[in-house]
Undergrad: 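Input: one structure, supplied below.
In what follows, chains carry the letters A, B, and so on, assigned in the order in which the sequence lines appear, proteins first and then strands, with residues in each chain numbered from 1.
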Amino acid sequence: MPQDCMRAFDREIHSFLSAQGIDPSIVRLDTPADRQFGERATNVAFLLKKERDQPPRQIAQDIAQGFDPQAYRLIQAVEPAGAGFINFRLNYDTFTPFVIEEVRASGSTYGGGVISEVERVVVEHTSVNPNKEWHIGHVRNAVLGDVVGRALRRAGHTVAVQNYIDDTGLQAAEAVLGLRDFPEPRREGEKYDHWLGRMYVKIAGEIASEPELRQRLEELGEPVQAGSTEPPDSARERVSITARLDNLTRLKQRILVVMHELETGQYHDVIVSLLDAQLQTAYRLGIYYDLVNWESHLVQSHVFDEAIEGIKQSPKVFQATEGRYAGALIIVTDESASSEDEPKAEVLIRSNGIPTYVGKDIAYHMWKFGLLPERLKYVEFHDQPDGTLLWSTSLEGENRSSRDPDRVINVIAVNQTLPQQAVNQALRVAGFDEAASHLLHLAYGLVSTREGKISGRKGTSVSADAVIDEAVRVAHERVREKRSADLTDEGMRQISEAVGVGAVRYFMVQYNPLRDIVFDVSDVVSYDGNTGLYVQYALVRMAAILRRAGTDHGVDGGEIEAANTALLQHEQEKRLIFQIAQYPDTVATAARTLAVNLIAEFAYDLATTFSQFYRDCGVLNAEPDLRAARLLLVRTVQSVLANVCELLGVPVIERL
RNA sequence: GCCCCCGUAGCUCAGUCGGAUAGAGCAUCCGCCUUCUAAGCGGACGGUCGUGGGUUCGAAUCCCGCCGGGGGCACCA
């Protein structure tokens with residue numbers, strides 16, 4: 001049974017305060033920013049000011065006076081401070097061995113097991129349209145979702161990561177149409193997603209030009225009648241535009257046909273090839289999934305039809321006969337919002353019979369939560385590079401006895417907030433309150449470049465593959481110029497890959513998810529300061545110390561095991577122990593709030609503290625007893641920092 | 001016009017239960033490699049936390065107004 005060392009400390013503090021006659025329900029402990037104020041502090045003296053009619057400082061003093069060090073194992077001192085804080089100091093003589101043993105015993109699971117209840121969580125992320133290669137915004141989505149999944153797993157939840165493939169949508173249809181009717185030669189070594197993407201961009205660009213063309217046509221005005229004085233240029237332009245518009249109309253009709261064909265599973269092989277290519281990017285970044293959900297399967301197995309039939313039972317869902325929604329199947333999401341106008345509603349199925357995005361999404365979420373009878377089968381899609389099996393929905397295959405999730409987390413960009421709210425609201429209205437309240441939209445901000453917004457449609461996006469290539473290339477250059485001596489070419493290649501991937505992933509998780517961020521490749525490949533490499537570098541130093549301890553100093557594992565932790569009295573050593581002890585709390589908070597940037601922050605802080613320890617506390621040149629104790633500490637920190645890297649998906653390296 | 005999110009150092013950003021002198025990285029300048037890897041470490045410079053009020057012993061953090069930026073407000077996805 002894993003223990004949380006900090007909580008053990010907190011329990012002692014609570015028991016001390018209770019013994020001082022303080023109501024436990026008002027006690028809150030926090031961690032002072034500066035360790036000169038101890039490891040924990042409480043503000044109870046401020047809260048008791050009125051009740052006791054005494055200055056907080058006096059109250060704090062009285063409380064602290066009641067402390068008897070003999071009575072507590074982990075508390076060393078209780079001190080009044082400032083205007084009325086009470087600070088608690090850790091007793092490292094007992095705390096240090098406690099933490100080290102805890103890390104040793106829990107190993108790679110250290111940090112978990114402190115949640116109150118194990119939940120089954122579905123995390124859906126990536127869900128990139130199958131039309132072109134990933135851009136940098138998709139990387140943010142996938143990395144965030146991946147780290148959220150990892151954090152929830154580490155915390156102790158049961159997680160299923162899903163990737164939804166909208167293979168019946170407009171985007172996919174445009175790409176498929178491009179390949180079928182306007183094929184372009186594939187370049188030497190070009191990835192399938194980049195190749196298809198080029199054709200998609202052309203088609204999408206053509207369609208996007210329609211309003212512009214129409215406006216231009218209007219500007220040109222009507223053709224002048226016989227005996228014309230109109231400039232021939234205008235006449236020629238009008239003819240040309242009219243011809244283009246006619247083509248556009250035909251193009252759009254063909255897209256509709258393709259969309260229909262996609263629903264029946266045609267071109268599935270094209271979409272699979274595209275997905276495979278996109279997944280290569282994911283796998284390169286260490287992002288893996290449990291299941292790919294295909295929209296076409298949901299359509300073909302009549303999951304959507306069944307869902308619609310189901311929610312039609314709700315009085316809020318009906319076919320509108322008049323007004324702006326005449327002929328469409330709508331769900332009234334907010335009746336109170338109705339002024340003299342119509343009530344607020346969402347269209348589920350258009351009057352032309354085609355379901356809307358929101359309509360499909362509602363049905364999809366009913367399926368996700370297991371609110372519909374399972375019609376889908378499951379097949380093995382392929383083996384992922386990490387050795388796990390990726391499953392796919394299917395029309396034929398195995399049944400899977402999957403229990404319904406307690407919680408569904410959708411990692412979707414912030415500009416999809418409204419449709420996501422609509423889905424939530426509609427689920428509620430349709431009578432699925434339980435599901436609605438356990439559906440969470442993890443919104444993340446847009447990624448722009450210093451040049452401005454990125455747009456997949458316009459083809460002004462930054463390719464994820466290009467960014468990773470560049471990060472790896474720069475890393476490789478520097479690895480080569482640094483030490484080529486004891487590294488093989490293959491060794492350098494692997495390290496560069498790990499450094500490049502680590503840099504990209506770290507960049508994406510270090511920010512508050514909700515915030516819009518400005519992406520600049522030069523920030524990613526600078527490799528100075530607060531980057532993925534900084535954390536990896538600390539690990540390289542730890543590995544070097546531990547390696548040399550054996551090879552150059554003949555220290556064996558047994559000697560390290562038997563080390564006397566009482567010798568770890570240096571300020572930097574205590575700081576390392578204290579930080580390591582806070583890891584379970586960081587994991588729990590990240591799992592609860594999904595603020596995965598806290599994990600990156602933790603990694604950076606721990607690496608920083610290690611750098612300072614590295615500067616101030618020689619390990620290999622210390623006296624043998626102290627050396628053994630420090631080696632034990634280094635091994636413990638290494639275990640935890642590697643553990644954090646595992647959560648972040650930043651690859652651990654042992655040399656540079 | 002309405003709704004949501006965001007304004008913290010020259011730039012990119014932390015600050016997730018309101019707490020003690022507001023933190024990093026980059027950039028600029030200075031210093032540290034015969035001793036565990038200098039992709040590192042130390043120091044300097046740099047802030048009326050958009051702005052005006054309010055709540056509080058205490059506000060970057062909570063509430064209200066205003067200003068600025070972004071996103072969203074279709075039978076598009």
Undergrad: Does any N or O donor sit under 3.5 Å from an N or O acceptor when you compare the side chain of A:N43 with the base of B:rG19?
TA: yes
Undergrad: For the side chain of A:I517, counting heavy atoms from C-beta on, which of B:rC13, B:rU37, B:rG71 is nearest?
TA: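 Output: B:rC13.
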Undergrad: Should the pair A:R40-A:D30 be classified as a salt bridge under the 4.0 Å nitrogen-to-oxygen rule?
TA: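 Salt bridge: no.
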Undergrad: Please report, rounded to the nearest Å, how far the P atom of B:rC5 is from the CD atom of A:Q416.
TA: 17 Å
Undergrad: In whole Å, what separates the C1' atom of B:rC64 from that of B:rA74?
TA: 34 Å
Undergrad: Which one, B:rC26, B:rC41, B:rU12, comes nearest to the side chain of A:D528?
TA: B:rC26
Undergrad: Quick one: is A:R324 getting a side-chain N or O under 4.0 Å of the B:rC75 phosphate, OP1 or OP2?
TA: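 Indeed, a polar side-chain atom of A:R324 lies that close.
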Undergrad: When we call it a touch if two heavy atoms are under 4.0 Å apart, what does A:T593 touch: a base, just sugar-phosphate, or nothing?
TA: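 Base, at least one base heavy atom under 4.0 Å.
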Undergrad: If the cut-off is 4.0 Å, is A:R548 near the phosphate of B:rU37, judged by side-chain N/O to OP1 or OP2?
TA: yes
Undergrad: Given the C1' atoms of B:rG23 and B:rU8, what is the spacing between them in whole Å?
TA: 10 Å
Undergrad: Which is true for A:A413 with a 4.0 Å heavy-atom rule: it touches a base, it touches only sugar-phosphate, or it touches nothing?
TA: nothing
Undergrad: Rounded to the nearest angstrom, tell me the gap between atom CZ in A:R480 and atom P in B:rU37.
TA: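 For the pair A:R480 CZ and B:rU37 P, the rounded distance is 23 Å.
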Undergrad: Both atom distances under 3.5 Å, Watson-Crick or G-U wobble: I'd like the secondary structure of RNA chain B as a dot-bracket string, with | for pairs made across strands.
TA: (((((((..((((.....[...)))).(((((.......))))).....(((((..]....))))))))))))....
Undergrad: Whole angstroms only, please: what is the CG-C1' distance between A:D552 and B:rU37?
TA: 13 Å
Undergrad: Within the stacking criterion (centroid distance below 5.5 Å, interplanar angle below 30°), does A:F46 stack on B:rG58?
TA: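 Given the distance and angle limits, no, they do not stack.
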Undergrad: I want to know whether A:F613 and A:F610 have ring centres closer than 6.0 Å.
TA: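 Yes: the rings meet the under 6.0 Å criterion.
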Undergrad: Side chain of A:V619: nearest nucleotide among B:rC36, B:rA14, B:rU16?
TA: B:rC36
Undergrad: To the side chain of A:N530, which of B:rG25, B:rG70, B:rA39 is closest?
TA: B:rG25
Undergrad: Please determine which of A:D166, A:T168, A:D167 meets the side chain to side chain donor-acceptor pair (under 3.5 Å) test together with A:S296.
TA: A:D167
Undergrad: B:rG40 base stacked by A:Y537? Criteria: ring centres under 5.5 Å, plane angle under 30°.
TA: no
Undergrad: Mind calculating the distance between CD1 (A:I653) and P (B:rU37) to the nearest angstrom?
TA: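 That distance rounds to 14 Å.
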Undergrad: Report yes if a side-chain nitrogen or oxygen of A:R541 is closer than 4.0 Å to either non-bridging phosphate oxygen (OP1 or OP2) of B:rA38; otherwise report no.
TA: yes
Undergrad: Counting only side-chain N and O atoms of A:N512, is one of them less than 4.0 Å from OP1 or OP2 of B:rU16?
TA: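 False: A:N512 side-chain N/O out of range (4.0 Å or more) of B:rU16 OP1/OP2.
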Undergrad: Does A:S611 have a side-chain nitrogen or oxygen under 4.0 Å from the phosphate oxygens OP1 or OP2 of B:rC41?
TA: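 Yes, within the criterion.
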Undergrad: Phosphate oxygens OP1/OP2 of B:rA14: is one of them under 4.0 Å from a side-chain N or O of A:R515?
TA: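 So the side chain of A:R515 is within the cut-off, an N or O lying under 4.0 Å from OP1 or OP2 of B:rA14.
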Undergrad: Identify which nucleotide among B:rG42, B:rA39, B:rG19 has an atom closest to any side-chain atom of A:Q612, counting heavy atoms from C-beta outward.
TA: B:rG42
Undergrad: Assert yes or no for the condition that the ring centre distance of A:F507 to A:F519 is strictly below 6.0 Å.
TA: yes
Undergrad: Does a distance-only test, which skips hydrogens and angles, find a donor-acceptor pair under 3.5 Å between the side chain of A:Q36 and the base of B:rU21?
TA: yes
Undergrad: Given the C1' atoms of B:rC62 and B:rG18, what is the spacing between them in whole Å?
TA: 8 Å
Undergrad: Rounding to an integer number of Å, can you tell me how far A:N415 CG sits from B:rC6 P?
TA: 16 Å
Undergrad: Considering only heavy atoms and no angle criterion, is a donor-acceptor pair shorter than 3.5 Å present between the side chain of A:D520 and the base of B:rU12?
TA: no
Undergrad: In whole Å, what separates the C1' atom of B:rG10 from that of B:rC75?
TA: 50 Å
Undergrad: Which one, B:rC57, B:rA20, B:rC13, comes nearest to the side chain of A:Y511?
TA: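 Selected nucleotide: B:rC13.
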Undergrad: For the pair made of CG in A:L348 and C1' in B:rA74, what is the distance, rounded to whole Å?
TA: 15 Å
Undergrad: Report the nucleotide, chosen from B:rA20, B:rU35, B:rC75, that has the shortest atom-to-atom distance to any side-chain atom of A:N621.
TA: B:rU35
Undergrad: In this structure, how many angstroms lie between the P atom of B:rG72 and the OH atom of A:Y357, rounded?
TA: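 After rounding, the gap between these two atoms is 13 Å.
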Undergrad: With side-chain contact (heavy atoms from CB on, under 4.5 Å) as the test, pick out the partner of A:L487 among A:R493, A:R655, A:R480, A:Q494.
TA: A:R655
Undergrad: Please report the distance separating the P of B:rC5 from the corresponding atom of B:rC63, rounded so that it comes out in whole Å.
TA: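 These two P atoms come out 10 Å apart once rounded.
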Undergrad: Rounded to the nearest Å, what distance is computed from the CG atom of residue A:L418 to the P atom of nucleotide B:rA74?
TA: 9 Å
Undergrad: Can the ring centres of A:F85 and A:F37 be said to be less than 6.0 Å apart?
TA: no
Undergrad: Just N and O in the side chain of A:Y534: are any of them under 4.0 Å from OP1 or OP2 of B:rC41?
TA: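 Indeed, a polar side-chain atom of A:Y534 lies that close.
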